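A short worksheet on the structure shown next.
Bear in mind that the values here come from a model prediction, so they are computed numbers and not experimental data.
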Amino acid sequence: MITNTKPYWSVDPFTREIISGPHSGQFRGGSWHIPANTITDEPLPDKAGFAVLALLDDTGTEYVEDHRGKAVYNKQTKQRQEVTELGPLPDALTEQAPGPDDIWGTSSWKLDPAAIDRHKATKAAEINLWRDQQERENLSFEHAGVRWDGGMESKSRMDETLALSAIGPLPPGFFWTTASNIDVPMDGAALQNLGNAMAAARGERGFEIHARQRQMKAEVDLLTTIEAVHAYTVGWPEVSHAG
């Protein structure tokens with residue numbers, strides 16, 4: 001006796017993946033009415049990490065690795081991508097997420113031995129930026145019991161005025177303004193003395209900046225971990241106040 005139903009399972013026409021079922025085919029007019037792209041033999045049970053595919057010759061089903069939707073990483077470039085096709089992962093890809101300083105080893109990511117040098121170079125660039133900022137900052141100094149500005153703008157103006165005084169007298173009523181905005185009358189000799197004091201103050205400060213940046217770079221070179229390089233603070237050393 002023929003029953004009036006027959007189970008079938010729908011098959012994706014492109015991947016051959018079992019996508020649904022069982023459904024019931026109908027026996028009418030002396031034949032079974034079953035849609036195309038189906039199988040009538042019960043497929044393998046679901047299995048985590050695998051898709052069930054119908055064999056091309058329709059003799060059964062098989063398991064195929066299914067990583068679709070997973071994030072994977074290129075072992076050479078560390079580029080992240082999403083798996084969209086069935087099948088085992090290519091040897092060039094891994095599900096293991098790399099760290100920012102990793103390179104691929106035999107079977108897993110490992111820290112790139114050259115990474116610390118790259119981080120030290122980045123820290124050295126940070127030190128150079130600090131040095132340049134310090135050199136651009138305004139400088140005040142004391143001369144003849146008065147505080148004067150000695151920054152880049154003051155130096156430039158001093159150089160130009162000294163050049164003027166070298167070829168002739170200064171303008172009548174000439175003065176130089178202190179850091180407190182007090183105008184102090186000056187002749188050529190007084191201006192030269194002030195210029196020398198400014199140059200000395202700038203030279204002293206410049207050496208302090210240069211020595212400090214060289215010290216910081218030497219200290220960074222001695223660090224042995226990336227974490228220590230990141231934690232290193234660029235700037236003038238903190239002054240402790242006892243008491």
Item to complete: Using the side-chain contact (heavy atoms from CB on, under 4.5 Å) rule, take T94 and V72 through it: C-alpha gap first, then chi angles, then the decisive distance, then the call.
Response: CA-CA 5 Å; T94 177; V72 293; over 6 Å; no

Worksheet entry | Euclidean distance, W176 CH2 relative to L191 CG, rounded to 0.5 Å | 6.0 Å

Discussion item. Checking T40 against K6 for the side-chain contact (heavy atoms from CB on, under 4.5 Å) test, could you report, in this order, the C-alpha distance in whole Å, the side-chain angles of both residues, the deciding distance, and whether it holds?
Written reply: CA-CA 8 Å; T40 55; K6 184 175 185 179; 4.2 Å; yes

Anything under 3.5 Å between a donor and an acceptor, one on a side chain of residues 81-92, the other on a protein residue two or more places apart or in another chain? List them.
none

Quick one: side chains of residues 217-227, donor-acceptor pairs under 3.5 Å with protein atoms, not counting sequence neighbours, listed by atom name and distance.
unit_1: K217; atom_1: NZ; unit_2: N128; atom_2: OD1; d: 2.6
unit_1: K217; atom_1: NZ; unit_2: Q213; atom_2: OE1; d: 3.0
unit_1: E219; atom_1: OE1; unit_2: Y232; atom_2: OH; d: 2.3
unit_1: E219; atom_1: OE2; unit_2: Q215; atom_2: NE2; d: 3.3
unit_1: T225; atom_1: OG1; unit_2: A228; atom_2: N; d: 3.0

Fill in: Set of residues satisfying salt bridge (charged side-chain N to carboxylate O under 4.0 Å, His left out) with respect to D112, sequence neighbours excluded
R118

Worksheet entry | Rounded distance [0.5 Å steps], CD1 in I39 versus CZ in R16 | 8.5 Å

Fill in: Backbone N/O of I182 and side chain of S180: donor-acceptor pair under 3.5 Å
no

Worksheet item: Is the side chain of W109 donor-acceptor paired with the backbone N or O of Q96 at a distance under 3.5 Å, no angle test?
Response: yes

Worksheet item: Can you tell me how far the CH2 atom of W148 sits from the NE2 atom of H143, to the nearest 0.5 Å?
Response: 7.0 Å

Item to complete: Output all residues satisfying side chain to side chain donor-acceptor pair (under 3.5 Å) with D57, sequence neighbours left out; order by chain, then residue number.
Response: T59

Worksheet item: Hey, what do you get for CZ (R147) to CZ (F141), rounding to the nearest 0.5 Å?
Response: 8.5 Å

Item to complete: May I ask you to check whether over 12 heavy atoms, not counting those of R214, lie within 6.0 Å of atom CZ?
Response: no

Worksheet entry | Derivation and outcome, side chain to side chain donor-acceptor pair (under 3.5 Å), residues H210 and E208 | CA-CA 5 Å; H210 175 71; E208 290 174 351; over 6 Å; no

Fill in: SB check E137 R205 (cutoff 4.0 Å)
no

Discussion item. A quick test of your reading: do over 12 heavy atoms of other residues, nucleotides or ligands sit less than 6.0 Å from CD of E126?
Written reply: yes

Worksheet item: Sub-3.5 Å donor-acceptor pair from the side chain of T61 to the main-chain atoms of L44, do we have one?
Response: yes

Item to complete: Mark yes or no for whether R212, through its side chain, and G235, through its backbone, hold a donor-acceptor pair below 3.5 Å.
Response: yes

Discussion item. Looking at Y63, I'd like to know if the NZ or CZ of K47 sits under 6.0 Å from its six-membered ring centre while staying within 45 degrees of the ring's axis.
Written reply: yes

Item to complete: Identify, with sequence neighbours excluded, every residue that meets side chain to side chain donor-acceptor pair (under 3.5 Å) alongside D183.
Response: T177

Fill in: Separation between CG of L170 and OG1 of T161, rounded to the nearest 0.5 Å
7.5 Å

Worksheet item: When the ring planes of H23 and Y8 are compared, do they come out parallel, tilted or perpendicular, using 30° and 60° as the limits?
Response: tilted

Discussion item. I'd like to know if the side chain of N74 and the backbone of Q76 have a donor-acceptor N/O pair within less than 3.5 Å.
Written reply: yes

Worksheet, complete the sentence: In this structure, CG of N138 is separated from CD of E153 (nearest 0.5 Å) by 8.0 Å

Practice prompt. May I have the step-by-step check of side-chain contact (heavy atoms from CB on, under 4.5 Å) for I209 and W236, ending in yes or no?
Written response: CA-CA 9 Å; I209 295 170; W236 295 106; 3.9 Å; yes

Worksheet item: D159: what forms a side chain to side chain donor-acceptor pair (under 3.5 Å) with it, not counting sequence neighbours?
Response: K155

Practice prompt. Begin with the C-alpha distance, continue with both residues' side-chain angles, and end with the deciding distance and a verdict on side-chain contact (heavy atoms from CB on, under 4.5 Å) for K75 and L93.
Written response: CA-CA 6 Å; K75 295 176 182 178; L93 301 177; 6.0 Å; no

